[in-house]
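Lettering of chains follows the sequences in order, A, B, ..., and the numbering in each one begins at 1. These numbers were taken from a predicted model, which means no experiment stands behind them.
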Amino acid sequence: MNLPRETLTRLYYEMLRIRRLQLRIDALYLDNDMKTPVHLCIGQEAIPVGVCAHLEREDYINSTHRGHGHYLAKGGNLKALVAELHCKETGCSKGRGGSMHLVDVAVGHFGSSSIVGGGIPIATGLGLASKMRGQSRVSVAFFGDGAADEGVLYESINFAVLKRLPVLFVLENNQFSVCSHVSTRQAGEYVFHAMDLDLLLSAKLDGNDVLAVYEQAGAAVARARAGLGPSFLECQTYRLWGHAGCQAQEPQGYRDPAEVEQWRARCPIAMLEKRLLAAAMITRSEIEAMERKIAAELDEAFTCARQDPLPARADLPLYLFCE
Amino acid sequence: MNLPRETLTRLYYEMLRIRRLQLRIDALYLDNDMKTPVHLCIGQEAIPVGVCAHLEREDYINSTHRGHGHYLAKGGNLKALVAELHCKETGCSKGRGGSMHLVDVAVGHFGSSSIVGGGIPIATGLGLASKMRGQSRVSVAFFGDGAADEGVLYESINFAVLKRLPVLFVLENNQFSVCSHVSTRQAGEYVFHAMDLDLLLSAKLDGNDVLAVYEQAGAAVARARAGLGPSFLECQTYRLWGHAGCQAQEPQGYRDPAEVEQWRARCPIAMLEKRLLAAAMITRSEIEAMERKIAAELDEAFTCARQDPLPARADLPLYLFCE
Amino acid sequence: MPWSRVKPELHEPGSFTENPEEGRVISYPEAVRDGLFQVLKHDPQVFLMGQDVDAPGGMFGTTRELQEEFGPERVFDTPLSETALMGVAVGAALAGMRPVYFHNRPDFLFLAMDQLVNHAAKWHYMFGGAVSVPLVVWACIGRGWGSAAQHSQALQGLFMHIPGLKLIMPSTCYDAKGLLIAAVADANPVVILEHRFNFKQKGNVPEGIYRVPIGQGVIRREGTAVTVVAVSHLVLEAFHAAQELAAEGLEVEIIDPRTLRPLDEEIILNSVAKTGRLVIADTGWKTGGVTGEIAAMVAEKGFSYLKAPIKRVAAPDVPTPAGYTLEEAFYFGKEEIKQAILELVK
Amino acid sequence: MPWSRVKPELHEPGSFTENPEEGRVISYPEAVRDGLFQVLKHDPQVFLMGQDVDAPGGMFGTTRELQEEFGPERVFDTPLSETALMGVAVGAALAGMRPVYFHNRPDFLFLAMDQLVNHAAKWHYMFGGAVSVPLVVWACIGRGWGSAAQHSQALQGLFMHIPGLKLIMPSTCYDAKGLLIAAVADANPVVILEHRFNFKQKGNVPEGIYRVPIGQGVIRREGTAVTVVAVSHLVLEAFHAAQELAAEGLEVEIIDPRTLRPLDEEIILNSVAKTGRLVIADTGWKTGGVTGEIAAMVAEKGFSYLKAPIKRVAAPDVPTPAGYTLEEAFYFGKEEIKQAILELVK
Ligand SMILES: Cc1ncc(C[n+]2csc(CCOP(=O)(O)OP(=O)(O)O)c2C)c(N)n1
Ligand SMILES: Cc1ncc(C[n+]2csc(CCOP(=O)(O)OP(=O)(O)O)c2C)c(N)n1
Ligand SMILES: [Mg+2]
Ligand SMILES: [Mg+2]
């Protein structure tokens, strides 16, 4: 908590904003206006926010199918995101990508893959470009525990370590890949924690505590900017919603409702709110103001998105090649 | 050295036999009778011999492009190997595979891949079959330091650990992948050494000391048979010959001749011979007898191979599918 | 995944499935599940692996409760390690097991290509017949609701090119079960590509074990005017197109190859010999795909039969777009097939 | 690798390379190296990565001493991590670098298919043009000395099927350099498949920078009797076949597409319009490959021109055998092309 008030309230605001967007999506999803497979990160907001708080506009991130949080935390355009969810021409991917394929090059977001693990080497390559050009840009790969099953993570970390690339490998361990618990896919700790810390700075932390994420990410980003090489941050968290779609669509029987409740009690936003209020660093009315601001922003984004034009069928061939 | 004399002389004999075969290939290669890309394991004989000494006929191994040693150490048919090098119908792969694709199912050798790392998951699958059937068979994956760059190793070890499969991952670290030194491909120790030993028994050992290999492999095989799970053995060694072809064909300039000389002085066969002679566990005349026996065996194999029939061009379509 | 659920609907009357009136009628996913159930029950060497095969939904219902039925040793979830696990399946098959490896989407097979193409497909040949790989790889082509470029690829054109692989694309509930059982009984690596749109069907599916021969096509509808070779769910689209054209007095013959490799060339050539006109419809990209091979085969071996150019109805040569308006432009069916037929006869 | 060395030999007289008499004549590997040298020299965004690109041999000579020339930052050896490193190249390309990724053999690309097909090929489209991937992937098809099933695959048939990839297969020293330079200048992912047999050539190669346009075929020899579309080193084989047939009074037209995707359909159709007869020769497997697509394209768009069945001369549908007698049976060239031509005219 020994952070400036502005920083703390900013972290709170960013998490709240991501949460509100997703609850809005959840509430409207069954209207079928968003014909796109959404993967909500409700409960996991602390990770993108805590990490991206250290990033400059030109720093790179790479995201996943569960990418709304990363996109917003990095400063991605909200209206373009909501329009994309509505498959509109005004969407960040012009309606060609949908929820799983967000992009905003203006803020260093070069596109998210829905192939699990697919973004990890790409983020590594963005880091390589930064280093080759002698830039101080860092590159962050966000990925889940399912992606950590893929050999490409081992290969990418090895390459990043070998070249001391300015890359953060941020594992969002929410313990599930669809309905598959991590214990049915991995035994023991991730081996990367055991690497020589000088080669790979690694840490395992509470991904629902935004301050813990903020602190560790700060060290990792500083290390990367200093040219000392990559980091591996395992953030333990939990998705409170189902794997895909809205809450009403979650299949039952693959996880214990009691477990969900325990994690609900550890909501990253509620936890920070409690501490901020206790420390009198924020007031209820300030929070309400934030809520109003976000609600207005969302109202506008959704209104526009609904009115925005759809891609023309005749434009199907566009963008196959870059001229 | 506290092993029975028979075991020690057997280890010596097996290494010598592999060495002599390869020197014979080297000597004859430029005659162009063996129109196949040979990858000799001269200097690395201790690893296949030390490991396979613990294996039963029905245990599984999987090998690589540099597979002559594994094939012989596991008990593969010598004449069928030499015939395969000559692309004959009598070859272990009927002349369809060549030097890089050896097989002898009678001794649990289910085929070697020339895709680096390709055999690692296959060996893991053979181990899975053994476990599913409640058999005590173990499965050994031999592979090099180049293969250890591949993510499939990480994935295969994770799966073997997860299912506690009876698999030995035997890394023959000869420090080179073709002309590329391991230091240009890997930084620091292989992460697998850092795994919880109960999950993955790991060891780093002198791969030129057959007794060290024998001892560690013994522990790993016992562990596998007891159903306790996989092992990872990093055997440090060196290939005294070039990557491929005969000695005369080795390109110059990618490694220091002095380095080669240092390793030549650590020839696994010479080292064991010295110790056996010193301990009076073997005599010069016994060694000469071995040499004569091997020479005769090789003479016969090469004579037959030269006389054996070539595959008929008309048989090209055979073996596309198993009926 | 919720966004890829489908609700079964009975065929409209005139369905081409085997005597839809009599016998047991079940849904397509149930037919696949029944096939899996039979092979797991009758052959102890068979096991089923794949991500979430043990999930409540059971891979669109095809694997529902099979783990409860046969236990976690024989039906198990896997890590997301497609490369290694394809190799694991190859290794188990080499030892004589009969792995059935389920994938949610063909798109993910790109991670397993090395083991599937460089290893499984070559092992029997490369070792002169000493070993064999009785492996079944199953994946279901996605479509709709913004599945987009990485969750909707119809990759039969790639697999059809690989010697050593067999390639199956069923179009009916009956075949889905019968071909799956035949694939598991086959001593070679077999790829089965399903299509989500097939899953809407219900059809006649006998109980117990039966096999549909691999490499044998079937005439779904007899006709004399034009031959339509259609793949997977497009067989049904072609069937409906043919019904409408019959009203206009145009009799279209519909060939369902059922297996693309080996391809039943004879049944196609015989039909073209009769009609002299050929339309080929495939869900994959047009360029370099299935329609290209079938057209070339006929242009080579049945040229003298042809009275008109060969028409190909296939996916536009672009990645699948996410947006539904663009999906409408990308996908095709009855109307486009009808159009192609009419262009050939006018 | 020693077993895959080649010694350059000058074309026999009658070579079709651009005015072989005048100008600078260098070997094929030198031509590729010259292309790399030029792009590395003139564009600081270009870098070269690949296993053993820094080795003494220099990837068959194509990368010889480039590291000494441009330093280890811009020309570097890589770990054997084909999956990740293709993604690394994609990421660097997204940032605006121009990676050139060399592979010893196309066979190894099966490990990189996910990044190449699911990512590189789709990135520009999937994000509505917001990003692009200027990436060149180079690999050299192996042949002979028992290269066998995993070191000899001619995979153009697969890459030709993928929207979003461009695919180049040069057949002359001149084009090898000019197309490489064009590929590096292209803003999209481009796959270049070389063939070891091309490396035996020497030919006329101008100094400095020049580009051969991607998507433009060339007539290697004019003729009126039969059109032969040949790919890569088979262009030379076809050329020699044509020379022999000319003696018999048969004038064969030879089309070298040079790029398979985009394919220069017009040059092929125009030629068939003239000759009415078509032979297609490709080093890849016959079924579902390049010859299938080209044949289908003509059967669709140039049907009325055809006076005879289309003939395909392609690799037998089996994995490549190791033994030299079987290699003789597997591979083909001048004689088989000649045979196909004669069957069309008799
Ligand atoms: C290579 C690959 N395999 C499987 C899938 C199917 N799939 C989509 S999302 C998902 C879950 C991934 O889990 P994780 O990486 O932990 O991310 P999370 O959904 O938990 O955020 C899976 C398996 C895929 N998209 N890509
Ligand atoms: C996937 C793959 N990448 C590259 C190659 C080319 N290649 C053949 S052998 C070899 C060296 C492999 O080194 P290592 O695994 O250490 O085995 P060693 O040759 O040292 O025994 C390479 C890179 C290949 N065959 N497969
Ligand atoms: Mg997860
Ligand atoms: Mg090595």
For the residue pair C:Trp138 and C:Phe60, does the interplanar ring angle fall in the parallel (under 30°), tilted (30 to 60°) or perpendicular (over 60°) class? tilted

Next on the checklist: Checking side-chain polar atoms at under 3.5 Å, does B:Arg66 have a donor or acceptor matched by the opposite partner on B:His243?
Outcome noted: yes

**OP:** Compare all side-chain heavy atoms of C:Val212 with those of C:Tyr174 and state whether any distance is below 4.5 angstrom.
**Re:** yes

Cut-off 4.5 Å, heavy atoms of chain B, and the answer for C:Ser132 is side chain

Quiz item: Side-chain donor-acceptor pair under 3.5 Å between B:Ser99 and B:His39, yes or no?
Solution: no

Taking atom types as modelled and ignoring hydrogens, do the side chains of B:Arg133 and C:Gln45 form a donor-acceptor contact shorter than 3.5 angstrom?
-> yes

Rounding to 0.5 Å, atoms CG (C:Leu263) and CD1 (C:Ile268) come to a distance of 4.5 Å

If one checks every heavy atom of B:Leu153 against chain C at 4.5 Å, the contacting part turns out to be neither

Exercise for review: Could you tell me whether the side chain of C:Asp264 and the main chain of C:Ile267 form a donor-acceptor pair under 3.5 Å?
Suggested key: yes

From the list C:Pro44, C:Pro134, C:Ser81, the residue making the most non-hydrogen contacts under 4.5 Å with chain B is C:Ser81

Tell me, do C:Met86 and C:His103 make a side-chain contact under 4.5 Å, heavy atoms counted?
yes

Correct closest heavy-atom pair for B:Asp308 and B:Lys88 would be O-NZ, 2.8 Å

The interface call for B:Phe110 against chain C, heavy-atom contacts under 4.5 Å, is both

Heavy-atom nearest pair, C:Asp54 first then C:Gln67, reads CB-OE1, 3.2 Å

Under 4.5 Å to a heavy atom of chain C? For B:Val105 that would be side chain

Legend entry - Test: B:Glu89 and B:Arg96 ion pair at under 4.0 Å: yes

Note: B:Ser139 and B:Gly127 closest approach over all heavy atoms is CB-N, 3.7 Å

Residues B:Ser114 and B:His101: closest non-hydrogen pair is OG-CE1, 3.2 Å

Bottom line for B:Arg137: the part with an atom under 4.5 Å from chain C's heavy atoms is neither

Worksheet entry | Ion pair check, B:Lys74 and B:Asp104, cut-off under 4.0 Å | no

Report task. Would you mind reporting whether B:Ile157 and B:Pro230 have side-chain heavy atoms less than 4.5 Å apart? Result -> no

Among residues 119-130 of chain C, those lying within the under-4.5 Å heavy-atom range of chain B are C:His119, C:Trp123, C:His124, C:Tyr125, C:Met126, C:Phe127, C:Gly128, C:Gly129, C:Ala130

In short, B:Val138 meets B:Val221 closest at the heavy-atom pair CG1-O, 4.2 Å

Do other residues, nucleotides or ligands put more than 12 heavy atoms under 6.0 Å from C:Glu266 CD?
no

Correct closest heavy-atom pair for B:Cys52 and B:Phe142 would be SG-CZ, 4.0 Å

Residue from B:Ser156, B:Gly118, B:Ser130, B:Gly97 scoring the most non-hydrogen pairs under 4.5 Å with chain C is B:Gly118

The interface call for B:Tyr154 against chain C, heavy-atom contacts under 4.5 Å, is neither

If only side-chain N and O atoms count, and only distance matters, is there a donor-acceptor pair under 3.5 Å linking C:Gln150 with C:Asp107? no

Within residues 288-303 of chain C, the residues sitting under 4.5 Å from chain B by heavy atom, in sequence order, are none

If one checks every heavy atom of C:Pro79 against chain B at 4.5 Å, the contacting part turns out to be side chain

* May I ask you to say whether B:Asp145 pairs ionically with B:Arg185, meaning some side-chain N is under 4.0 Å from a carboxylate O? => yes

ask   = Under 4.5 Å between any side-chain heavy atoms of B:Phe143 and B:Leu171, yes or no?
value = yes

Whatever's closer than 4.5 Å to a heavy atom in chain C on B:Lys131 counts as neither

| task | Kindly determine whether C:Gln38 and C:Leu180 satisfy side chain to side chain contact (heavy atoms under 4.5 Å, CB included), including the steps that lead there. | result | CA-CA 10 Å; C:Gln38 297 299 334; C:Leu180 175 60; over 6 Å; no

Taking a cut-off of under 4.5 angstrom between non-hydrogen atoms, the residues of residues 312-323 of chain B near chain C are B:Leu316, B:Pro317, B:Leu318, B:Tyr319, B:Leu320, B:Phe321, B:Cys322

Chain B shares the most heavy-atom pairs under 4.5 Å, among C:Leu80, C:Thr78, C:Thr83, C:Asp186, with C:Thr83

Expected contact set for residues 109-116 of chain C against chain B at heavy-atom separation under 4.5 Å reads C:Asp114, C:Gln115

